[in-house]
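Here the structure is laid out as structure tokens; the discussion comes afterwards.
Keep in mind that what you see is a predicted model, and the values were worked out from it rather than measured.
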Amino acid sequence: MKKTVLMAIMFVAMLFGASGQGWAASLVANIDVSSQTMTVRYGASVYRWSVSTARTGYFTPRGTYRPQRTARMWYSRKYHMSPMPYSVFFHGGYAIHGTGAVRQLGRPASHGCVRLHTANAATFYSMVREVGFGNTRIVVTN
């Protein structure tokens, strides 16, 4: 009897321990529109990348979001089938994605999405896929 109870307690502890580890694995991407930067906190690692957000006449939505969907390669139907590699969609058609227009990074240049160097977008995309949508937070501020 004691052995059964002890095994049941160990099993429950393992379950709670495993779920606690899953909760601890979180990913936070802070996008600062005013400085055109994205700071990513992933466990003990911190990344800081230049981005391009909405240029004059367009808008990048502010707020706190969770990823809605991802696409390794997406083509914008709204903007002439423009390539959007490593897309992480966070609010309707708005996404964090790679770009070939790396000279524009660090200043507003997009139609509203958050553009990253493609290598950085691939890194972020992989992180989101690894930790899951529920453990990822995207915060867009001024």
Side-chain angles (χ1 to χ4, degrees), residues 3-142:
K3 191 175 185 177
T4 306
V5 170
L6 183 59
M7 288 181 68
I9 291 171
M10 287 175 52
F11 178 72
V12 169
M14 286 186 345
L15 282 177
F16 283 112
S19 65
Q21 288 173 351
W23 284 45
S26 64
L27 173 62
V28 180
N30 288 300
I31 298 147
D32 185 337
V33 173
S34 63
S35 67
Q36 294 292 294
T37 58
M38 178 169 145
T39 305
V40 177
R41 286 181 171 67
Y42 180 49
S45 300
V46 178
Y47 303 86
R48 186 175 168 96
W49 299 316
S50 292
V51 299
S52 287
T53 60
R55 66 181 184 242
T56 302
Y58 295 93
F59 178 74
T60 299
R62 306 323 192 255
T64 301
Y65 306 95
R66 298 254 185 226
Q68 296 175 338
R69 62 189 164 94
T70 57
R72 190 179 177 295
M73 178 53 87
W74 187 260
Y75 294 93
S76 172
R77 293 183 200 115
K78 188 172 183 177
Y79 296 109
H80 315 291
M81 298 305 283
S82 297
M84 299 167 57
Y86 302 104
S87 293
V88 177
F89 290 88
F90 62 91
H91 181 70
Y94 293 96
I96 299 168
H97 63 81
T99 184
V102 294
R103 288 184 182 176
Q104 302 295 324
L105 294 175
R107 61 181 177 243
S110 78
H111 289 108
C113 286
V114 178
R115 295 180 184 173
L116 283 170
H117 189 287
T118 301
N120 297 335
T123 300
F124 181 65
Y125 175 89
S126 295
M127 291 176 190
V128 170
R129 304 273 298 174
E130 185 175 320
V131 303
F133 295 0
N135 290 324
T136 301
R137 206 166 28 135
I138 298 166
V139 182
V140 185
T141 59
N142 279 342

Original post:
Between atom OG1 of Thr64 and atom CZ of Phe90, what is the distance when rounded to the nearest 0.5 Å?
Top reply: 11.0 Å

Original post:
Do Arg48 and Met38 pass the side chain to side chain contact (heavy atoms under 4.5 Å, CB included) test, and can you show the C-alpha distance, the side-chain angles, and the key distance before you say yes or no?
Top reply: CA-CA 6 Å; Arg48 186 175 168 96; Met38 178 169 145; over 6 Å; no

Original post:
Which of these passes ring pair (Phe, Tyr, Trp, His ring centres under 6.0 Å) with Phe89: Trp74, Phe133, Tyr125?
Top reply: Trp74

Original post:
Do other residues, nucleotides or ligands put more than 12 heavy atoms under 6.0 Å from the CZ atom of Arg62?
Top reply: yes

Subject >> Side chains of Val51 and Ile96 in contact at under 4.5 Å (non-hydrogen atoms) >> reply: no

**OP:** Compare every heavy atom of Tyr47 with every heavy atom of Met127, then report the nearest pair and how far apart it is.
**Re:** CE-CE1, 3.1 Å

Original post:
Are there more than 12 heavy atoms of other residues, nucleotides or ligands under 6.0 Å from atom OH of Tyr75?
Top reply: no

Subject >> Taking every non-hydrogen atom, the tightest pair across Ser35 and Thr37 >> reply: OG-OG1, 2.7 Å

Subject >> Arg41 CZ: over 12 foreign heavy atoms closer than 6.0 Å >> reply: no

Original post:
Rounded to the nearest 0.5 Å, how far apart are CZ of Arg137 and CG of Asn135?
Top reply: 11.0 Å

Subject >> Nearest non-hydrogen partners of Gly98 and Ala121, listed with the distance >> reply: N-CB, 3.3 Å

**OP:** For the residue pair His91 and Tyr65, categorise the inter-ring angle as parallel (less than 30°), tilted (30 to 60°) or perpendicular (more than 60°).
**Re:** tilted

Original post:
Distance from Ser110 atom OG to Met84 atom CE, nearest 0.5 Å?
Top reply: 9.5 Å

**OP:** Output the distance between atom CG (Leu105) and atom OG1 (Thr99), rounded to the nearest 0.5 Å.
**Re:** 6.5 Å

**OP:** Would you name the heavy atoms of Ala109 and Arg55 that are closest together and state the gap between them?
**Re:** O-NH1, 3.1 Å

**OP:** Could you tell me which non-hydrogen atom of Gln36 sits nearest to which non-hydrogen atom of Ser52, and how far apart they are?
**Re:** OE1-CA, 3.3 Å

Subject >> Distance-only donor-acceptor check, side chains Tyr86 and Arg72, under 3.5 Å >> reply: yes

Original post:
At what distance, to the nearest 0.5 angstrom, does OG1 of Thr53 lie from OH of Tyr94?
Top reply: 11.5 Å

**OP:** Drop me the distance from Arg129's CZ to Leu27's CG, to the nearest 0.5 angstrom.
**Re:** 13.5 Å

Subject >> Shortest non-hydrogen separation from Pro67 to Ile138 and the atoms involved >> reply: CG-CD1, 4.2 Å

